[in-house]
Amino acid sequence: MRIDKMLSNLGFGSRKEVKKLLKDGALQVNQKVIKDSGHHVDSEKDTVTVHGEEVQYREFIYLMMNKPPGVISATEDNRDQTVIDLLELEDSVLDPFPVGRLDKDTEGLLLITNDGQLAHKLLSPKKHVPKTYFAVIDGEVTEEDVLAFKKGVVLDDGYETKPGELKILKSGIRSDIELTITEGKFHQVKRMFQSVGKRVVYLQRLTMGPLALDESLELGEYRELTEEEVEALMKYEV
């Protein structure tokens, strides 16, 4: 890869700004000053430093975020803060995007990556990747609801959902549940409960395929996936 493209991708500025860095002798490849912006480097073998600090280039980035409420699952927005706005510059310069969407007021597991092929695999309706949610429901969730969800319920627009696995954790005036679904229609969990006359008052995503929310992450925090987690996503088949 050309050194100017590599540094530009890493957020060191425009091609013009990168050329100035090179001209000033700030860049070394394998301890040798490089001033030619067209110089090619092997990101896996060569050691690249800028002002004496080693820089690492990578093509793909895989992040797990515990999405906070009030933040939208998008790359940019004119009105609201996005999940990308929560990233450090060194991560956001790689142009990652959220894999799927969580509603603005929904919390929990969100995968953020720039690997379009993996995102397509996880989001494709044909793949039926399961996602598990924890929810607090205004109203008593019953075994009748469990059976209804198991068959699939009809949403307000006439769409009949695929079967969902509903677990009642606590039932009462307010009920705690876990729901696993294999599709991602707009506001699906909320609309499924609306179809049985109940309202979701809190929603959190716990899992997506083989990936589970790291409970040590505070709301708004994120971390890189481990090699094991990335491998599990790559190999995942329903």
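The first residue of the sequence shown is numbered 1, and numbering continues consecutively from there.
Taking the side-chain contact (heavy atoms from CB on, under 4.5 Å) definition, one finds that His40 meets it with Arg2, sequence neighbours left out. Remark: Asp85 engages no residue in a salt bridge (Lys or Arg N to Asp or Glu O under 4.0 Å) (not counting sequence neighbours). Residues passing the side-chain contact (heavy atoms from CB on, under 4.5 Å) test with Glu227, sequence neighbours excluded: none. Partners of Glu183 by side-chain contact (heavy atoms from CB on, under 4.5 Å), not counting sequence neighbours, listed by chain and number: Tyr159, Thr161, Lys162, Lys185, Gln188. Under the rule for a side-chain contact (heavy atoms from CB on, under 4.5 Å), the partners of Val154 that lie at least two apart in sequence or sit in another chain are Glu160. Contacts of Arg174 classified as salt bridge (Lys or Arg N to Asp or Glu O under 4.0 Å), with partners at least two apart in sequence or in another chain: none. Every residue two or more places apart in sequence or in another chain that forms a side-chain hydrogen bond (donor to acceptor under 3.5 Å, both in side chains) with Asp157 is listed here: Arg191. In terms of the salt bridge (Lys or Arg N to Asp or Glu O under 4.0 Å) criterion, Glu178 has no residue partners (sequence neighbours excluded). Residues satisfying the salt bridge (Lys or Arg N to Asp or Glu O under 4.0 Å) test with Asp214, not counting sequence neighbours, are Arg223.
Within the structure, side chain to side chain donor-acceptor pair (under 3.5 Å) contacts touching residues 94-117 (residues at least two apart or in different chains) are Tyr62-Asp115, Asp80-Lys104, Asp103-His187, Asp103-Lys190, Asp105-Lys190, Glu107-Tyr202.
Grouped by direct or indirect side-chain proximity (heavy atoms under 4.5 Å, Ile/Leu/Val/Met/Phe/Trp/Tyr only), Ile72 sits alone.
Without hydrogens or angle criteria, Asn66 side chain to Gly220 main chain gives no donor-acceptor distance under 3.5 Å. Listed for the Ser195 side chain is no donor-acceptor partner under 3.5 Å among the backbone atoms of Leu155. Formation of a donor-acceptor pair under 3.5 Å by the Arg205 side chain with backbone atoms of Gly108 is not found in this model. No donor-acceptor pair under 3.5 Å is formed between the side chain of Ser124 and the backbone N or O of Lys121.
Checking Leu110, Leu211, Ile112, Leu111 one by one against Met64, the side-chain contact (heavy atoms from CB on, under 4.5 Å) holds for a single residue, Leu211.
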Per-pair distances, 0.1 Å, donor-acceptor, side chain in residues 231-238, under 3.5 Å, sequence neighbours excluded:
unit_1 : atom_1 : unit_2 : atom_2 : d
Glu231 : OE2    : Lys235 : NZ     : 2.8

